[in-house]
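Protein chains get the first letters and strands the later ones, always in sequence-line order, with residue 1 at the start of each.
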Amino acid sequence: MTLEETLKQNTIAIFKSEFDADISADAVTLNITKKEHVGDYTIVVFPLIKFSKKSPEQTAEILGNKLKENSGIVGSFNVIKGFLNLSFTDAFWQTRLKDIAGNKNYGTFAANKRKVVLEYCGPNTNKPLHIGHLRNMLLGFSMSEILKANGYDVTKVNIYNDRGIAICKSMVAYKRYGKGATPQSTGIKGDHFVGDWYVKFNEVANEEIKALPNAPADKDEAQKATSIFKEAHEMLLKWEAGDPETIRDWKQMNDWVYEGFNETFKLLGVDFQKDYHESETYKLGKDIIDEGLAKKVFYKRADGAVAVDLTPDGLDEKVLLRGDGTAIYITQDLGTAQLRHEEFNMEKMIYVVANEQDYHFKVLKLALQKLGKKWADGIFHLSYALVESPTGRFKSREGKTADADDLISEVLRIAEEKTKELGKIEGFTEDEANVLYKTIGLGALKYFVLRVNPYKKIIFNPEESIDFHGHTGPFIQYTHARIRAILRKADPANLADFKNLETLVAVERELIIQLGEYENAVLAAAEKYDPSEVANYVYNLARTYNKFYHECPVLTAATEGEKKFRIALSNQTGIMISKSMKLLGIDVPEKM
RNA sequence: GACCCGGUAGCUCAGCUGGAUAGAGCAACAGUUUUCUAAACUGUCGGUCACUGGUUCGAAUCCAGUCCGGGUCACCA
């Protein structure tokens with residue numbers, strides 16, 4: 001039972017015995033006491049006076065006395081208006097630290113056998129990953145770690161949009177102008193190589209449009225009139241017909257892209273247990289359409305398209321299958337969801353996809369629910385807002401700042417530069433130094449993205465955003481390195497062993513309170529699908545530790561007892577920082 | 001036009017299932033190192049929580065309306 005639960009249970013029991021009132025745990029408002037008041041935790045009694053039928057002060061007074069008598073952990077209390085400030089005994093806090101330190105699995109909840117499939121990344125194979133994918137991947141990976149810590153059985157999957165006109169555009173440009181070049185021969189990373197041919201396609205098409213006698217004003221329409229587009233379209237038809245040569249070229253193109261993607265995945269530390277390819281799933285979903293028609297949930301319109309009426313749900317009529325019987329985006333997503341249900345029988349199906357697609361996922365979930373599929377209740381769209389530059393949305397054609405690989409190498413470069421500036425790599429081998437640059441650079445980048453609530457847009461200024469001071473990843477990493485530096489000099493056998501001290505310093509108590517909040521952060525992050533809960537938690541923990549570090553000497557503490565206690569406290573803080581950061585997919589260094 | 005999501009300090013963000021005097025970081029300014037790592041710590045400066053009204057003992061938080069920004073309302077993905 002957590003500390004909060006203990007207090008709430010006690011309060012419920014006291015209300016029963018003292019006021020003969022049945023209150024729920026939700027009615028008990030429990031906060032950490034604001035630092036300008038004396039106390040550790042505060043119960044707000046205003047909501048409880050209707051049960052006690054006494055004034056706020058009287059109610060708080062009675063509750064405080066009884067908690068002190070019964071709970072065994074409340075040392076003293078004070079009442080200010082309707083606020084009951086509880087102080088726990090220093091002995092209690094030290095026991096609490098021992099409990100936490102003694103439990104290797106503290107903050108990791110037992111496996112609950114509940115299956116989750118988490119889809120993230122979802123790139124197109126005709127261009128490299130951009131900053132949006134970066135937010136997506138970091139969120140997806142972190143969310144998976146958080147769910148695992150909550151006991152879920154998580155399977156991470158990726159879906160590649162590997163077919164359609166876009167990849168054909170790259171293929172045509174390559175066939176026309178590539179002269180047999182390869183990523184190997186040019187030294188260009190595979191996904192960039194293919195992306196460059198996509199750019200080339202657009203350049204050629206634009207040239208053609210300029211020469212067109214009466215080009216349509218609409219850009220897309222104009223492009224369709226070009227010979228290079230017609231070539232790409234023909235290629236798409238050949239692909240769909242299964243033409244061997246086209247399929248072979250297409251595979252080659254995609255393989256180059258996957259090589260490139262895999263490099264980035266590896267560098268970022270993200271992974272997938274299963275890949276889906278649209279080329280294999282795009283025909284799925286027809287069965288569901290038939291099922292919907294049979295159940296009369298879907299209907300065939302006069303023009304032959306199959307649709308579902310979602311107006312009762314506040315949405316619109318939505319077409320699910322083209323009039324010519326071919327699939328669209330939603331068709332295959334319906335099919336893929338069904339497929340995954342059959343494969344995994346999961347309880348939750350999480351899609352990490354940008355908020356542009358909020359409407360799409362509402363339709364997906366509703367349509368499946370209307371078919372009576374109970375498992376569709378477990379569909380959750382983890383919607384996140386776009387990453388924007390200070391001047392607005394990043395456009396792939398405006399400069400290279402939005403490219404994920406460029407961004408990563410830039411942040412690694414900065415990490416190297418700053419680390420050298422500070423002279424922090426004395427005694428490091430070259431390999432160790434490179435690992436450190438990576439740890440710090442990626443730490444800065446990942447933390448920058450994950451500390452923000454997913455549904456809020458991120459304003460990213462390439463020049464200024466990635467910082468290493470203050471509320472940042474490196475600050476937290478640095479705190480860890482400091483702790484490790486102390487522990488290297490301490491007796492490694494007894495890191496968690498100490499005898500209770502008479503009294504604690506305020507910041508020591510505060511630190512133990514925060515160590516005890518880890519579980520809450522892990523729970524909240526899963527419940528809200530929000531890694532920033534963990535990011536903000538670990539920042540506060542690191543901040544408190546740095547305060548402690550300045551106020552309280554550890555190795556040179558006044559007494560041996562104090563020293564042992566502070567070593568244990570430092571050790572546990574280091575563990576919680578490391579665990580928290582791991583939930584964010586961020587490594588912490590031993591030295592920096 | 002309808003619907004969805006945002007709007008909190010100069011900037012980037014917490015707080016939002018209602019609770020005490022709205023918190024951090026950056027930036028600016030002033031300090032702290034013969035002591036375990038100064039990527040740190042301490043202090044100062046900085047607020048009409050977009051606006052108006054309502055609900056209540058109490059509103060940044062809930063409700064209604066307005067304004068601003070973004071997104072969606074495709075037989076594109």
Side-chain angles (χ1 to χ4, degrees), chain A residues 26 29 31 33-37 42 44-47 49 56 80-83 85 122 124 161 163-166 220 278 301 303-307 314-316 318-333 354-360 362 383 385-386 388 390 392-393 415 418-419 421-422 424 440 444 448 451-453 455-461 464-465 467-479 481-490 532-533 535-536 539-540 542-543 545-557 563 566-567 570 591-592:
Chain A
D26 293 341
T29 311
N31 302 323
T33 303
K34 301 215 165 199
K35 52 177 175 255
E36 57 268 28
H37 299 284
T42 297
V44 184
V45 297
F46 289 110
I49 56 175
I80 301 172
K81 291 184 281 179
F83 300 95
N85 299 320
N124 295 342
N161 177 20
R163 61 168 284 278
I165 191 72
D220 289 343
E278 272 195 23
R301 298 198 314 198
D303 58 9
V306 177
L315 305 181
D316 303 291
K318 177 75 189 172
V319 169
L320 304 174
L321 188 73
R322 283 199 190 97
D324 63 7
T326 57
I328 52 177
Y329 182 39
I330 188 80
T331 323
Q332 57 175 304
D333 256 7
N355 66 4
E356 298 167 296
Q357 296 194 30
D358 287 353
Y359 187 83
H360 172 79
K362 276 186 190 163
S383 168
L386 299 173
E388 293 183 7
R393 194 168 175 167
K418 299 242 177 181
T419 305
E421 245 172 53
L422 289 169
K424 293 277 189 175
I440 296 173
F448 175 79
R451 63 173 271 216
V452 182
N453 191 309
Y455 59 75
K456 288 205 177 181
K457 71 179 175 203
I458 291 180
I459 308 289
F460 178 73
N461 182 338
E464 296 169 12
S465 288
D467 200 353
F468 293 76
H469 301 272
H471 191 178
T472 66
F475 168 84
I476 298 161
Q477 292 173 319
Y478 176 69
T479 309
R482 277 184 141 178
I483 291 171
R484 297 304 305 165
I486 289 178
L487 296 176
R488 275 195 296 277
K489 295 172 190 163
S532 76
E533 290 282 337
N536 286 306
Y539 169 65
N540 281 318
R543 211 155 51 98
Y545 185 83
N546 278 313
K547 201 175 157 198
F548 162 81
Y549 184 92
H550 280 268
E551 285 179 24
C552 305
V554 177
L555 297 172
T556 55
K563 179 175 161 183
R566 286 176 182 171
I567 286 172
S570 298
K591 298 179 191 174
M592 71 181 271

Reckon [X] touches a base, only the sugar-phosphate, or nothing at all at heavy-atom distances under 4.0 Å?
X      : answer
A:P47  : base
A:H37  : base
A:K457 : sugar-phosphate
A:T419 : base
A:N85  : base
A:R451 : base
A:Q477 : nothing
A:K35  : sugar-phosphate
A:Y359 : sugar-phosphate
A:R301 : base
A:N453 : sugar-phosphate

Could you tell me the separation between the [atom1] atom of [X] and the [atom2] atom of [N], rounded to a whole number of Å?
X      : N     : atom1 : atom2 : result
A:Y455 : B:G70 : OH    : C1'   : 15 Å
A:E36  : B:G23 : CD    : P     : 7 Å
A:L315 : B:C4  : CG    : C1'   : 10 Å
A:Y545 : B:A24 : OH    : C1'   : 21 Å
A:N355 : B:G69 : CG    : C1'   : 13 Å
A:D26  : B:G19 : CG    : C1'   : 17 Å
A:E421 : B:A38 : CD    : C1'   : 15 Å
A:N536 : B:U12 : CG    : C1'   : 12 Å

Item to check | Presence of donor-acceptor pair under 3.5 Å, side chain of A:T479 and base of B:A40 | outcome: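 Check fails, no donor-acceptor contact within cut-off.
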
Item to check | Side-chain donor or acceptor of A:T331 paired with backbone N/O of A:L320 under 3.5 Å | outcome: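 Present.
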
Checklist entry - Donor-acceptor pair, A:N536 side chain versus A:S532 backbone, under 3.5 Å? => result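 Yes, because the side chain of A:N536 sits within donor-acceptor range (under 3.5 Å) of the backbone of A:S532.
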
Item to check | For the student: nearest non-hydrogen atoms of A:K563 and A:V554, plus distance | outcome: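 Smallest interatomic distance, heavy atoms only, reads CG-O, 3.4 Å.
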
Pairwise [atom1] distance, [M] and [N] [rounded to whole Å]:
N     : M     : atom1 : result
B:A59 : B:G53 : C1'   : 13 Å
B:U8  : B:G69 : C1'   : 16 Å
B:A2  : B:A20 : P     : 37 Å
B:C49 : B:A30 : P     : 31 Å
B:C67 : B:C29 : P     : 42 Å
B:U66 : B:A22 : P     : 31 Å
B:G23 : B:U61 : C1'   : 15 Å
B:G6  : B:U17 : P     : 12 Å

Any donor-acceptor N or O pair under 3.5 Å, side chains [X], [Y]:
X      : Y      : answer
A:Y359 : A:D316 : yes
A:Y549 : A:S570 : no
A:N546 : A:R543 : no

Checklist entry - Can you tell me how far the NE2 atom of A:H471 sits from the CD1 atom of A:I476, to the nearest 0.5 Å? => result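 Rounded to the nearest 0.5 Å, the NE2-CD1 separation comes to 6.0 Å.
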
Candidates [options] - which lies nearest the side chain of [X]:
X      : options             : answer
A:I328 : B:C76, B:G19, B:U42 : B:C76
A:N546 : B:C41, B:A77, B:G69 : B:C41
A:Y329 : B:A77, B:C75, B:A14 : B:A77
A:L422 : B:C13, B:A39, B:C75 : B:A39
A:K456 : B:G7, B:C73, B:A20  : B:G7
A:I459 : B:G69, B:C13, B:G6  : B:C13
A:K362 : B:C4, B:C13, B:C26  : B:C4

Checklist entry - Picking from A:T479, A:I440, A:T419, what satisfies side-chain contact (heavy atoms from CB on, under 4.5 Å) with A:P474? => result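 The option that passes is A:I440.
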
Next on the checklist: Restricting to ring-ring contact (aromatic ring centres under 6.0 Å, His included), what partner residues turn up for A:F448, sequence neighbours left out?
Outcome noted: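 In terms of ring-ring contact (aromatic ring centres under 6.0 Å, His included), with neighbours along the sequence ignored, A:F448 is linked to A:F460.
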
Checklist entry - With ring centroids as reference points, do A:F475 and A:Y478 lie under 6.0 angstrom apart? => result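 Between A:Y478 and A:F475, which both carry aromatic rings, the centre distance is not below 6.0 Å.
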
Item to check | Stems involving RNA chain B, each a run of at least 3 consecutive Watson-Crick or G-U pairs under 3.5 Å | outcome: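 Stem list for RNA chain B: B:1-7 with B:67-73, B:10-13 with B:23-26, B:28-32 with B:40-44, B:50-54 with B:62-66.
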
Item to check | Closest-nucleotide 5' rank along RNA chain B - winner of A:I440 and A:F448 | outcome: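 Counting from the 5' end, the first nearest nucleotide belongs to A:F448.
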
Item to check | Closest-nucleotide 5' rank along RNA chain B - winner of A:T29 and A:N540 | outcome: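 Nearer the 5' end of the strand: A:T29.
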
Between the protein and nucleotides 34-37 of chain B, which nitrogen or oxygen pairs come in under 3.5 angstrom?
from	atom 1	to	atom 2	distance (Å)
B:C36	O3'	A:K489	NZ	3.0
B:C36	O2	A:V554	N	3.4
B:C36	O2	A:L555	N	3.0
B:C36	N3	A:V554	N	3.0
B:C36	N4	A:Y549	O	2.5
B:C36	N4	A:C552	O	3.1
B:U37	OP2	A:K489	NZ	3.4
B:U37	O2'	A:Y478	OH	2.3
B:U37	O2'	A:R482	NE	2.9
B:U37	O2	A:K424	NZ	2.6
B:U37	O2	A:M592	O	3.2
B:U37	N3	A:M592	O	2.6
B:U37	O4	A:M592	N	3.1

Next on the checklist: Tell me whether A:D324 is salt-bridged to A:R322, with the criterion being a basic N under 4.0 Å from an acidic carboxylate O.
Outcome noted: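 No, this pair does not count.
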
Item to check | side-chain hydrogen bond (donor to acceptor under 3.5 Å, both in side chains) between A:D467 and A:T472, intermediate numbers included | outcome: CA-CA 7 Å; A:D467 200 353; A:T472 66; over 6 Å; no

Item to check | Parallel, tilted or perpendicular: rings of A:F46 and A:F83 (30°, 60°) | outcome: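 If you compare the ring of A:F83 with that of A:F46, the planes turn out perpendicular.
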
Item to check | Stacking check A:F46 vs B:G58 (5.5 Å / 30 deg) | outcome: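 So A:F46 does not count as stacking on the base.
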
